[in-house]
**Student:** 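One structure, as structure tokens, below. Some questions next.
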Protein chains: 2
Amino acid sequence: MEFKDNVPIYLQIEQRLIKQIVQGQLQAGDRLPSVRKLAVTETVNVNTVQRALRDLNMQGFIYTKRGEGNFVTDDQDLIADTKEQLIKQAVTDFLKEMQGLGLEHRSAQAALENYLRKEEQDGDSEH
Amino acid sequence: MEFKDNVPIYLQIEQRLIKQIVQGQLQAGDRLPSVRKLAVTETVNVNTVQRALRDLNMQGFIYTKRGEGNFVTDDQDLIADTKEQLIKQAVTDFLKEMQGLGLEHRSAQAALENYLRKEEQDGDSEH
DNA sequence: CTTACTGTTATATTTATCTAATACAGTATT
DNA sequence: AATACTGTATTAGATAAATATAACAGTAAG
């Protein structure tokens, strides 16, 4: 997997796993790949994986059974709340970014609509 | 000025300055504050400012007159192109982020519209 | 009990970021 | 020339992130 420069790998792993959980790719109770397997597939050190999982544990997204593995939380409310919060965050981040470029909220919306319109005209696989 | 954790300060300074340029807050030919003044106002070391300015120089956004200061490029095309590119980038980043949360493009658009509608209903200062 | 998986912890090393302090160099004003 | 601004460069030190390596500990199946 590729990582962005300039943002810690363990954070990127965290965020990716959280997204997989809220998106349903990883379901409540599912077992994660073992730390060593994750380290291999992410081409990253075991300690780096451990660091990410430790954070996810503290945040309640996963729980650990020592000797067995790490499992996705059964707290459906947490998952739903997180999803809602991440969506809202993405929206406000987008608006803030556009505002920093000189576009007010409605202009930002217009830019998005404009992009999607072009995307439809050109043949852009998904719709 | 506050900085985000986990993303290098010199990069945040770079990005902020670029935004000020494309947004028109800093105009072509304008002199930037001196490195030492920037270091004070950003509560950051001179070397960190220098690092940011060195990058901006290489990218063509500013030019340096030694002994005089740093000045915003006169290349209007570069500024316009960069603005356009940053806007497109913000849009695609937003869509990609939403897709990672399980929302297709049209759903992402709907979420944005929904947010803006609520914002209007509540008294949200700007419009 | 042995084996082979799990997660956990510790030590040492490298690299990037950031700071601090200092010195050097160009420009302009007096 | 002296002063006071500019940018530039160097050195040293602190911290965080990531790697490599190794050992320790729980679980389960043979």
Side-chain angles (χ1 to χ4, degrees), chain A residues 1-18 20-21 26-75, chain B residues 1-18 20-21 26-75:
Chain A
M1 186 66 73
E2 333 83 49
F3 294 100
K4 293 179 193 170
D5 258 9
N6 303 316
V7 36
I9 294 177
Y10 72 89
L11 272 183
Q12 299 185 51
I13 294 177
E14 279 181 46
Q15 290 159 2
R16 195 179 308 150
L17 286 172
I18 289 179
Q20 289 179 356
I21 292 174
L26 282 173
Q27 305 253 342
D30 280 359
R31 215 201 81 183
L32 304 186
S34 77
V35 288
R36 286 176 183 82
K37 281 182 186 166
L38 274 176
V40 172
T41 59
E42 305 276 1
T43 54
V44 133
N45 192 271
V46 181
N47 298 315
T48 307
V49 174
Q50 200 68 284
R51 169 68 191 272
L53 296 189
R54 180 165 61 84
D55 288 353
L56 291 178
N57 245 297
M58 289 193 301
Q59 295 166 14
F61 290 110
I62 63 175
Y63 59 92
T64 301
K65 290 184 182 174
R66 188 163 183 164
E68 296 186 40
N70 289 285
F71 301 84
V72 176
T73 181
D74 296 305
D75 186 345
Chain B
M1 187 66 72
E2 333 83 49
F3 294 99
K4 293 178 194 170
D5 259 8
N6 303 319
V7 36
I9 294 177
Y10 73 88
L11 271 184
Q12 298 185 52
I13 294 177
E14 278 182 47
Q15 290 159 1
R16 196 180 305 149
L17 286 172
I18 290 180
Q20 288 178 356
I21 292 174
L26 282 173
Q27 304 253 342
D30 280 359
R31 215 200 81 183
L32 304 186
S34 76
V35 287
R36 287 176 182 81
K37 281 182 186 165
L38 274 175
V40 171
T41 59
E42 305 275 2
T43 54
V44 134
N45 192 272
V46 181
N47 299 316
T48 307
V49 174
Q50 200 70 283
R51 168 70 190 271
L53 296 189
R54 178 165 62 85
D55 288 353
L56 292 178
N57 245 297
M58 290 193 301
Q59 294 166 14
F61 290 112
I62 65 175
Y63 59 92
T64 302
K65 291 185 181 173
R66 187 163 184 163
E68 296 185 41
N70 290 286
F71 301 84
V72 177
T73 182
D74 296 306
D75 187 344

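We name chains A, B, ... by the order of the sequence lines, and we start the count at 1 in each one.
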**Student:** Identify the two heavy atoms, one from B:Y63 and one from B:D74, that lie closest to each other, and give their separation to 0.1 Å.
**Tutor:** OH-OD2, 3.6 Å
**Student:** In Å, rounded to the nearest 0.5 Å, how long is the span from CG of B:L53 to CD1 of B:I62?
**Tutor:**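 B:L53 CG to B:I62 CD1: 4.5 Å, rounded to 0.5 Å.
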**Student:** Does C:dC18 have OP1 or OP2 under 4.0 Å away from a side-chain N or O of B:Y10?
**Tutor:** no
**Student:** Answer with base, sugar-phosphate or nothing: what part of the nucleic acid does A:L53 contact at a heavy-atom distance below 4.0 Å?
**Tutor:** nothing
**Student:** CD of A:Q50 versus C1' of C:dT6: gap in Å, rounded?
**Tutor:**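 From A:Q50 CD to C:dT6 C1': 11 Å.
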**Student:** Could you give the CG-to-C1' distance, from B:N45 to C:dT17, as a whole number of Å?
**Tutor:** 11 Å
**Student:** For C:dG7, does OP1 or OP2 lie under 4.0 Å from any side-chain N or O of A:T64?
**Tutor:** no
**Student:** Of B:L32 and A:R66, whose closest DNA chain D nucleotide lies nearer the 5' terminus?
**Tutor:** B:L32
**Student:** DNA chain C: B:G67 or B:P8, which has the more 5' nearest nucleotide?
**Tutor:**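 In this pair, the answer is B:P8.
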**Student:** Atom CG of B:L11 and atom C1' of C:dA16: how far apart are they, to the nearest Å?
**Tutor:**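 Going from B:L11 (CG) to C:dA16 (C1'), I get 12 Å.
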**Student:** Base, sugar-phosphate, or nothing: which does A:N70 touch, judged by heavy atoms less than 4.0 Å apart?
**Tutor:**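 Contact class for A:N70: sugar-phosphate only.
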**Student:** With rounding to the nearest 0.5 Å, note down the distance linking CZ in B:R54 to CG in B:N70.
**Tutor:**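 Between B:R54 CZ and B:N70 CG, I get 13.0 Å after rounding to 0.5 Å.
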**Student:** Rounded to the nearest 0.5 Å, what separation is found between the CG atom of A:L38 and the OG1 atom of A:T48?
**Tutor:**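 Here the rounded value is 11.5 Å.
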**Student:** Please find the earliest and latest nucleotides of DNA chain D, in the 5' to 3' direction, that have an atom within less than 4.0 Å of any heavy atom of chain A.
**Tutor:**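 The contacted stretch runs from D:dA17 to D:dA28.
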**Student:** Hey, does B:R51 reach any base, or is it just sugar-phosphate, or nothing, if we go heavy atoms under 4.0 Å?
**Tutor:**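 Answer is sugar-phosphate: B:R51 comes under 4.0 Å of backbone atoms only.
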**Student:** As a quick check of understanding, evaluate side-chain contact (heavy atoms from CB on, under 4.5 Å) for A:E42 and A:I9, giving each step before the final call.
**Tutor:** CA-CA 10 Å; A:E42 305 276 1; A:I9 294 177; over 6 Å; no
**Student:** In whole Å, what is the span from the CZ atom of A:R36 to the P atom of C:dT6?
**Tutor:** 8 Å
**Student:** Nearest whole angstrom, please: distance from the C1' of C:dG7 to the CE of A:M58.
**Tutor:**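 Atom-to-atom, A:M58 to C:dG7, this comes out as 16 Å.
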**Student:** From CG of A:N47 over to P of C:dA12, roughly how many Å is that when rounded to an integer?
**Tutor:** 14 Å
**Student:** May I have the distance from A:K37 (atom NZ) to C:dG7 (atom C1'), rounded to whole angstrom?
**Tutor:** 14 Å
**Student:** Tell me: OH of A:Y63 to C1' of C:dT6, nearest whole Å?
**Tutor:**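 Rounded to the whole Å, the gap is 15 Å.
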**Student:** Any donor-acceptor pair under 3.5 Å linking the side chain of A:Q50 with the backbone of A:V35?
**Tutor:**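 Here the side-chain-to-backbone pair does not exist.
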**Student:** At 4.0 Å (heavy atoms only), tell me whether A:N57 reaches a base, stays on the sugar-phosphate, or touches nothing.
**Tutor:**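 If one applies the 4.0 Å heavy-atom cut-off, A:N57 turns out to touch nothing in the nucleic acid.
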**Student:** Both A:I9 and A:K65 contact DNA chain D. Taking the nearest nucleotide for each, which residue is further toward the 5' end?
**Tutor:** A:I9
**Student:** Please confirm whether the backbone N or O of B:V40 pairs with a side-chain atom of B:T43, one donor and one acceptor, at under 3.5 Å?
**Tutor:** no
